[in-house]
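Here is the structure we will look at, set down as structure tokens.
Note that the structure is a prediction, hence the values are computed from the model and not measured.
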Amino acid sequence: MTTDTTGTAARDGEPRPGGPADSPFIRACRREPVPHTPVWFMRQAGRSLPEYREIRANVGMLESCRRPDLVAEITLQPVRRHGVDAAILFSDIVVPVAAAGVDLDIVAGTGPVVAEPVRTAEDVERIRPIGRDDVSYVDEAVRLLVAELGATPLIGFAGAPFTLASYLVEGGPSRTHAKTKALMYGQPELWHALCARLAEVTLSFLRVQIEAGVSAVQLFDSWAGALSEADYRRYVLPHSATVLSGLADAGVPRIHFGVGTAELLGAMGEAGADVVGVDWRTPLDVATRRIGPDRAVQGNLDPTVLLAPWSVVETEVRRILEQGRAAPGHVFNLGHGVLPETDPEVLTRVVALVHEVSARRAEQG
């Protein structure tokens, strides 16, 4: 048996008709014609949904990520409610790092907190390689979801080496990334050793998800916008490229996303992505010129717009769809994650609006 472009097995090596590989989401990622612009939302698997808060009550984040039944249910909730064109696996970017032996916890209201921040070569050496057995709960959750989702694609994801390194060096979230940059500039050999180790862990984590059946993957470099383009190219791009190029033979689209990355969009595309995610600060037609014609774009509604009156939301959705027409492929999304205070009904209406407006344009040619 061989692997098709959905990441699921097929006897003849060809994508199943009507399966995830034929979905608007995968077609848009591959810059192919679509019946309507596909839409999904970052952090859609939970955050604003009351059913998510109910199921997560009294269950810690890391524990939630390690329970395949919970992962499957939380991942499916926004698909059932909103009718989005893709599901994204419920997990966290530090899950593989914890599996690699790093002592950390995800603290409510704070985020990942590392017990012993990385400072030395010995600290880097303690980050061990991972395999399927180390994250068997992710493998199981993906297989459960692929069976349940049918023709709806499932997106796997991981954190990029720079963002993971920043958490490990800072010991938690940071606004300035001062310790990260001090290590990067002051001890470049140690920095590259750390990022190389994290790239290895990330690549293994994504391969587990792909082998279990995800149809696409997204590499989150949430904090890369803290860097200049020169620093990104010198200290970050080689390690992100290790991950993305390492998946070139996997047969699934690769999405690369960061926040505050307007000046980095071209370089992020060069790292090996098929799709570049764009935050809300850069219009999609401008982003497309920076990224080039060989990659699709994803984005990019400001998440706070969803808190405004519907007339404002509708205007912004239509604007983004219009600007997205400049790209060879467009996946509608937010410019970052869903805010917890978002009304879920607004998300449902956005999905319907995107489908309606873009389908009409597709019919008109």
Side-chain angles (χ1 to χ4, degrees), residues 3 6-9 20 40 42-47 52 55-56 59-79 86-106 111-112 114 127-150 152-161 163-164 167-168 197-222 242-244 246-247 249-257 337:
T3 300
T6 70
T8 56
W40 68 278
M42 284 182 282
R43 294 183 182 164
Q44 69 183 14
R47 300 286 280 186
Y52 167 77
I55 200 172
R56 274 286 320 280
V59 183
M61 182 62 182
L62 272 178
E63 181 185 350
S64 299
C65 296
R66 292 167 175 161
R67 288 178 50 180
D69 59 331
L70 271 184
V71 171
E73 172 58 25
I74 292 169
T75 301
L76 290 168
Q77 286 175 349
V79 180
I88 183 165
L89 181 71
F90 175 73
S91 189
D92 190 275
I93 64 170
V94 299
V95 165
V97 179
V102 176
D103 184 2
L104 59 82
D105 192 16
I106 302 174
V114 180
I127 304 171
R128 61 177 183 263
I130 66 169
R132 179 191 171 279
D133 290 345
D134 297 297
V135 288
S136 58
Y137 44 87
V138 172
D139 176 88
E140 183 180 345
V142 170
R143 293 178 189 277
L144 288 172
L145 282 161
V146 169
E148 184 74 21
L149 285 164
T152 301
L154 175 63
I155 305 167
F157 77 91
T163 293
L164 293 177
Y167 276 117
L168 296 187
R197 179 62 57 89
L198 292 173
E200 179 185 359
V201 169
T202 298
L203 180 56
S204 297
F205 187 56
L206 289 173
R207 282 206 169 273
V208 167
Q209 295 175 59
I210 291 169
E211 289 168 6
V214 299
S215 297
V217 292
Q218 177 156 309
L219 189 66
F220 283 87
D221 212 351
S222 305
T242 294
V243 177
L244 292 167
L247 300 174
D249 64 346
V252 302
R254 299 154 295 172
I255 309 168
H256 199 14
F257 172 76

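In this structure, L206 CG and L247 CG are separated by 5.5 Å, a value rounded to the nearest 0.5 Å. Considering CG of L219 and CG of L203, their distance stands at 10.0 Å, rounded to 0.5 Å. Remark: E63 CD to R66 CZ distance equals 9.0 Å, nearest 0.5 Å. Atom CZ in R254 sits 9.0 Å away from atom CD1 in I210 (nearest 0.5 Å). Separation of atoms CG (D105) and CE (M61) is listed at 11.0 Å; rounding is to 0.5 Å. Atom CZ of R143 and atom CD of E211 lie 8.0 Å apart (nearest 0.5 Å).
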Can you give me every donor-acceptor pair (side chain of residues 67-74, partner residue at least two apart or in another chain, under 3.5 Å) with its distance?
residue, atom, partner, partner atom, Å
E73, OE1, R80, NH2, 3.0
E73, OE2, Q77, NE2, 3.4
E73, OE2, R80, NH1, 3.0

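Using a distance-only test at 3.5 Å, with no hydrogens or angles considered, no donor-acceptor pair links the side chain of D221 to the main chain of P161. At least one donor-acceptor pair closer than 3.5 Å links the side chain of T75 to the backbone N or O of F90. Listed for the Q209 side chain is a donor-acceptor partner under 3.5 Å among the backbone atoms of F157.
Closest heavy-atom contact between A99 and Y137: CB-OH, 4.2 Å. Here the shortest heavy-atom pairing between V59 and S64 reads CG1-OG, 3.3 Å. For the pair T152 and A87, the tightest heavy-atom approach, listed with the atom from each and the gap, is CG2-N, 4.1 Å. Residues A86 and I155 come closest through the heavy atom pair CB-CD1, 3.8 Å. When all heavy atoms of A212 and V146 are compared, the closest pair comes out as O-CG2, 4.2 Å. Counting all heavy atoms, side chain and backbone alike, I88 lies closest to A45 at O-CB, 3.9 Å.
For the side-chain contact (heavy atoms from CB on, under 4.5 Å) test, residues two or more places apart in sequence or in another chain that qualify with V208 are R132, V135, D139.
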### Message
Run the side chain to side chain contact (heavy atoms under 4.5 Å, CB included) test on V102 and I127 for me, step by step, so that the C-alpha distance in whole Å, both residues' side-chain angles and the decisive distance to 0.1 Å come before the verdict.
### Response
CA-CA 6 Å; V102 176; I127 304 171; 4.0 Å; yes
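Between V142 and L89, the closest side-chain pair of non-hydrogen atoms falls below 4.5 Å. Residues V94 and V114 are not in side-chain contact: their nearest non-hydrogen atoms beyond the backbone lie 4.5 Å or more apart.
The pair R207-D249 meets the salt-bridge criterion, with a side-chain N (NZ, NE, NH1 or NH2) lying under 4.0 Å from an Asp/Glu carboxylate O.
Partner F205 forms a side chain to side chain contact (heavy atoms under 4.5 Å, CB included) with one of V217, I93, V95 and no other, that one being V95.
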